[in-house]
Amino acid sequence: PSDFISAFEKRIERGTIGNYAASGTAIIDQLGAEHLATGKIIVYTSGDSVFQIAAHDEIIPLKQLYEICEIAREMLKGDLAVGRVIARPFVGKVGSFKRTEHRKDFSLVPPRETILDKVKKAGLMSAGVGKIEDIFADRGLTDSNHTGNNHDGVDGTIRFIQTRKRGFIFTNLVDFDSLYGHRNDPKGYADALEEFDRRLPEIIAALSDDDILMLTADHGNDPTTSSTDHSRERVPLLIAGKRIKSGANVGTRKTFADVAATIAKMLNVEDTGEGEEFASFVGRD
């Protein structure tokens with residue numbers, strides 16, 4: 001709303017441009033030159049509940065961009081309580097702008113305890129890799145590695161596995177979504193899948209006999225559709241480990257919360273009260 005934008009501009013002592021729904025790469029192409037000329041920050045949204053702030057790092061240094069996002073996060077409450085405020089720094093010249101890996105999410109604090117809180121409360125390791133700490137507003141984690149790409153995310157995951165601490169490792173591999181799905185790049189998406197396939201044996205080799213690996217996603221992002229937003233609802237759920245029954249099929253689940261309920265069951269910690277666990281179905285006796 002215009003009254004919020006006016007109040008926001010007053011707080012940050014800087015004007016804004018944009019304030020509409022757009023692809024993140026498209027809007028910096030559309031408004032980047034004006035941003036460079038005026039110093040006004042680019043604000044926009046998408047199909048998610050987000051308030052995104054884009055700025056060139058030569059106009060607004062990264063630390064200042066994060067401070068602006070913190071102000072927006074503080075102000076966006078009540079009816080305007082979007083899920084995330086996202087810093088979107090970019091570099092380059094007009095016609096060749098490129099977003100950097102220094103994206104940062106400023107999330108609403110979860111309204112109640114998550115599986116991360118439950119695992120941490122039980123005295124176990126609750127580790128986040130990638131943007132997990134941002135998504136959960138730094139809550140519920142004992143350890144974190146804020147990696148910026150798929151390769152580093154896999155490396156960080158393996159390092160946490162090799163600590164042999166009992167608990168839960170939650171990894172987000174961001175490239176599929178941000179670099180290829182939202183950018184409608186099926187070739188890049190396919191290459192990223194093949195790269196992850198080549199690294200998957202490393203993850204599996206790091207697992208102990210008691211470890212379990214789950215691969216899933218928070219949404220589908222088909223790079224072949226015309227939309228640059230989340231274009232599919234159903235996502236795969238693959239489960240591996242020596243404790244898993246060969247050929248077990250979890251079917252189509254009703255909610256992502258089933259994964260959290262299953263993790264709680266496998267770690268013998270209190271669940272969140274949501275979802276149905278499938279540990280007893282897929283696990284060996």
Side-chain angles (χ1 to χ4, degrees), residues 1-77 79-108 130-131 133-135 137 146-149 172 174-185 188 221 223 225-231:
S2 58
D3 57 346
F4 170 82
I5 292 295
S6 296
F8 177 57
E9 291 176 337
K10 186 175 181 179
R11 280 285 305 275
I12 65 174
E13 299 180 337
R14 187 180 291 266
T16 65
I17 52 178
N19 195 25
Y20 54 81
S23 158
T25 52
I27 200 166
I28 61 175
D29 287 340
Q30 294 163 7
L31 301 179
E34 183 180 353
H35 163 67
L36 291 176
T38 65
K40 295 179 179 180
I41 61 172
I42 301 169
V43 299
Y44 65 104
T45 188
S46 69
D48 287 352
S49 176
V50 292
F51 184 87
Q52 308 202 61
I53 303 175
H56 196 286
D57 69 352
E58 292 180 3
I59 301 299
I60 300 181
L62 193 61
K63 182 175 182 292
Q64 184 181 357
L65 176 59
Y66 289 167
E67 290 170 351
I68 289 171
C69 288
E70 287 173 349
I71 291 172
R73 176 70 283 167
E74 174 195 331
M75 294 178 66
L76 288 164
K77 53 191 176 183
D79 291 341
L80 298 180
V82 297
R84 287 174 292 158
V85 174
I86 307 177
R88 291 291 197 176
F90 64 96
V91 295
K93 299 183 182 302
V94 176
S96 58
F97 292 131
K98 182 180 179 181
R99 298 198 299 191
T100 75
E101 291 184 351
H102 298 297
R103 161 195 174 148
K104 184 173 176 60
D105 294 48
F106 298 79
S107 298
L108 277 179
K131 63 179 183 179
E133 62 179 341
D134 286 352
I135 294 173
H146 195 116
T147 54
N149 57 59
N172 175 266
V174 69
D175 292 352
F176 296 116
D177 177 81
S178 65
L179 296 185
Y180 309 116
H182 283 304
R183 304 284 74 80
N184 290 351
D185 181 359
N221 209 332
T225 66
S226 58
S227 168
T228 60
D229 256 314
H230 306 155
S231 45

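Positions are given from 1 along the sequence. Because the structure is a prediction, the values reported are computed rather than measured.
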Closest non-hydrogen atom pair between [X] and [Y], with its separation:
{"X": "F8", "Y": "A72", "value": "CE1-CB, 3.7 Å"}
{"X": "D185", "Y": "L179", "value": "CB-O, 4.5 Å"}
{"X": "I28", "Y": "T25", "value": "CG1-O, 3.2 Å"}
{"X": "I53", "Y": "I41", "value": "CG2-CD1, 3.7 Å"}
{"X": "F97", "Y": "G32", "value": "CE1-CA, 3.6 Å"}
{"X": "Y44", "Y": "A54", "value": "CE2-CB, 4.1 Å"}

Next on the checklist: When you measure from the side chain of T147 to the backbone of G130, do you find a donor-acceptor pair of N or O atoms at a distance under 3.5 Å?
Outcome noted: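 Yes, T147 side chain to G130 backbone: donor-acceptor pair under 3.5 Å.
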Item to check | R84 backbone acceptor or donor facing S107 side chain under 3.5 Å | outcome: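 Answer holds: no.
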Any heavy-atom pair between the side chains of [Y] and [X] that's under 4.5 Å?
{"X": "H146", "Y": "D134", "result": "yes"}
{"X": "N19", "Y": "S2", "result": "no"}
{"X": "F51", "Y": "L80", "result": "no"}
{"X": "R14", "Y": "I59", "result": "yes"}
{"X": "D105", "Y": "E133", "result": "no"}

Checklist entry - Does anything in residues 29-41 pair up under side chain to side chain donor-acceptor pair (under 3.5 Å), and if so which pairs, sequence neighbours excluded? => result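 Applying side chain to side chain donor-acceptor pair (under 3.5 Å) to every pair that reaches into residues 29-41, excluding sequence neighbours, yields Y20-Q30.
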Give, for atom [atom1] of [X] and atom [atom2] of [Y], the distance between the pair rounded to the nearest 0.5 Å.
{"X": "I86", "Y": "K104", "atom1": "CD1", "atom2": "NZ", "answer": "12.0 Å"}
{"X": "L36", "Y": "K93", "atom1": "CG", "atom2": "NZ", "answer": "9.5 Å"}
{"X": "Q64", "Y": "E67", "atom1": "CD", "atom2": "CD", "answer": "7.0 Å"}
{"X": "F4", "Y": "E9", "atom1": "CZ", "atom2": "CD", "answer": "10.0 Å"}
{"X": "E13", "Y": "I68", "atom1": "CD", "atom2": "CD1", "answer": "10.5 Å"}
{"X": "L31", "Y": "I17", "atom1": "CG", "atom2": "CD1", "answer": "4.5 Å"}

Checklist entry - Around atom CG of D3, are there more than 12 heavy atoms of other residues, nucleotides or ligands at under 6.0 Å? => result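 Yes.
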